[in-house]
Every structure is written in C-alpha cells, then in structure tokens.
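Everything on this sheet refers to the single structure shown next.
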Protein chains: 2
Amino acid sequence: MFETLSALAEPNRLRIVELLRAGPQPVGEISERLRLRQPQVSKHLQLLKEVGLVGVEPVAQQRVYQLRPEPFRKLHAWVEAYRGLWEARFDDLDVVIEDLKRKEKENARHDRRKK
Amino acid sequence: MFETLSALAEPNRLRIVELLRAGPQPVGEISERLRLRQPQVSKHLQLLKEVGLVGVEPVAQQRVYQLRPEPFRKLHAWVEAYRGLWEARFDDLDVVIEDLKRKEKENARHDRRKK
DNA sequence: AAAGAATATTCACGTCAAGGAATATTCTTC
DNA sequence: GAAGAATATTCCTTGACGTGAATATTCTTT
C-alpha cells in the first residue's frame, strides 16, 4: 500500500502508469511518447514491476508492459475507508473543540481543588 | 493529484493521515500516539496542510488538525479511472501480442519486397 | 556466428527531503 | 509581565533517488 503510493509519487512514473492505462506497450513506445530516454524508462518500469503495478511479457526483443489490477484494487479499498469524510457527516471540528474546552475547564476545576 | 500522492508517500505522514481518520487531533496527541518527536510531526503536518490534506483550528495553545475531504475525493476519482482494469475485461496482453506479431510479419513481407 | 534491434544494467554525480537538536512563537494563567 | 505549555521554525547533516552516459544482455535475422 505504501510502496504503491511511493511508486506513483514520481512524475515520470505516474505518467508511465497513466499512459499504460491506454493499453499495454513496449518500452520503446513509452519512451517515444513520453519523450524519456530509454534507460530511465526501463528503470522506472523495473521499479513499477517490483511493486507489482505492472507486469511484463517478452515479445521477441521487446518487452511489453501492462498494468496489473491488484494494486489499484487495494488503493481503491484504501480510499474507500475515507468515504465517511466526504459523505454525510459535517465537520467534526466544532464538536472536538467543544470537547477540548470542556475538558480544559474540568482540569481547571481539579487544579483549583488540588491547591 | 500528484502532490497528494507524494505527500502520502512518506511512512510517517501516511501514519498521521491514518491516525487522523479516527478524528481531529492536536499535535501533541499525534506525537504521543505515533511516538514521533513533536518538531517532525509539526513539519509533516505543515506539508500535509500545504497540499490541502489537512486543516487546522487553533484551540488555545494547541492546534487541532483534521483531514480535509477534497484530496480524498480526487484520489477516489483518479483510481476510479482504472476501474476497467479489475472489472470485466480479461488480460489485453494476448491480444496485443498477437497484434504485434501480425505487424511484425507484415513488415517482414514489406522488407522482403523492398529488397 | 555476426550484426543489429530492443531493452537492461552499471557507475558517477547532484539534488532534495527527512531527522535531530536547538531555538523561536504563540497563547494562557497567575 | 513572567512563567510555562503547546507548537512552529531554523540549521545542519545524511541517505535515497532520479538523471545521464556508457556498456552489457537478449533476441532475431541472415
């Protein structure tokens, strides 16, 4: 989950992933379309592969890379956990603040007693 | 979108965000629960704030931080764009490979003619 | 097996960002 | 207004990472 995020947290890698959304592509094509030098593309793809974001399939001398679904499923699930944030529920802040102020006053009372 | 990703692509920052899912918290509490030194927590929160992932509300000397919905909505939307990956559709790879091989053969034919 | 195409790997270098320690700010209370 | 609590900021050092250039691998074709 965290590995997925940091893999995506790099401009060119993100571009590659977004390009691959259009379909599987060999390294050369990615390199051309994104105007990146081949070695860097290979490196990024290597990283993406290690994290499971992409898979490879050799075709002659080329290697066709494609997105793999798992990481995206997990990412989706992770974000879903925050659904409560933008649905229904108002800002909790006011409530919490009131709570904090209440506790504060209580402590104040206690302190006074102690003394 | 990319800023959001790179903000989350840091272990402690991710932990902070996940902790804040439980509700708004002042810096000190975050610092305690995650066993991180206060200055680093402040720094991370600063970053998260700049990217819009969190908001602050001062309460006396404390600053209560809370998650903001926007970035999560966008993240969700982004991932949704990859929905096709894990739904319906089989691996495209075979198709693409067949395609590549076909083109290859065509080129081979052309080459032969040219020569 | 030699040549060429497509891709991978290595090495050196520069940058950027996280952590630690010390200090500055802000706000409350007495 | 001085002291203390909660948080922010600065400065420094170090490690990780992306890039570029050169080279190595892999695979096909003749």
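The basis for the numbers below is simple: all heavy atoms, side chains too, and nothing from hydrogens, waters or symmetry mates. Just so it is clear, the model here is predicted, and its values are computed rather than measured.
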Inset, instruction - In whole angstrom, give the distance that lies between atom CD of B/Q38 and atom P of C/dA21. - result: 13 Å
Legend entry - Any B/Y65 side-chain nitrogen or oxygen under 4.0 Å from OP1 or OP2 of D/dA6: no
Inset, instruction - Choose from D/dT7, C/dT28, D/dC27 the nucleotide whose nearest atom is closest to any side-chain atom of B/A60. - result: C/dT28
Legend entry - Within 6.0 angstrom of A/E70 CD, more than 12 heavy atoms from elsewhere: yes
Legend entry - Nucleotide-resolved protein contact map, nucleotides 13-19 of chain C, B/S/- at heavy-atom distance under 4.0 Å: -----SB
Inset, instruction - Hey, could you give me the CG/CD1 distance between B/L19 and B/I16, rounded to the nearest 0.5 Å? - result: 8.0 Å
Legend entry - Nearest-neighbour nucleotide for the A/Q62 side chain, C/dA8, D/dA8, C/dA6 considered: C/dA6
N/O donor-acceptor pairs under 3.5 Å from side chains in residues 30-46 of chain A, not counting sequence neighbours:
residue	atom	partner	partner atom	Å
A/S31	OG	A/L36	O	2.5
A/R33	NH2	A/E29	OE2	2.7
A/Q38	NE2	A/S42	OG	3.1
A/H44	ND1	A/R13	NH1	3.4

Inset, instruction - Take atom CD of B/E50 and atom C1' of D/dT9, then tell me their distance rounded to the nearest Å. - result: 13 Å
Legend entry - Spacing of A/L48 atom CG relative to D/dC17 atom P, expressed in whole Å: 14 Å
Inset, instruction - Please report, rounded to the nearest Å, how far the P atom of D/dA6 is from the CD atom of B/E29. - result: 12 Å
Legend entry - Side chain to side chain, A/E3 and A/E50, heavy atoms closer than 4.5 Å: no
Legend entry - Interatomic distance, A/I30 CD1 vs C/dT7 C1' [rounded to whole Å]: 12 Å
Inset, instruction - Could you tell me whether A/E18 and A/R15 make a salt bridge, using a distance below 4.0 angstrom between a side-chain N and a carboxylate O? - result: no
Inset, instruction - May I have the distance from B/Q61 (atom CD) to D/dT7 (atom P), rounded to whole angstrom? - result: 8 Å
Inset, instruction - For A/R15 and D/dT19, give me the distance from atom CZ to atom P, rounded to whole Å. - result: 10 Å
Legend entry - Rounded distance in Å - CD (B/Q46) to P (C/dT26): 13 Å
Inset, instruction - Measure up the B/Y82 and A/F72 rings against each other and bin them: parallel (under 30°), tilted (30 to 60°), perpendicular (over 60°). - result: parallel
Legend entry - Point-to-point distance, once rounded to the nearest 0.5 Å, from CD of A/E10 to CZ of B/F2: 7.0 Å
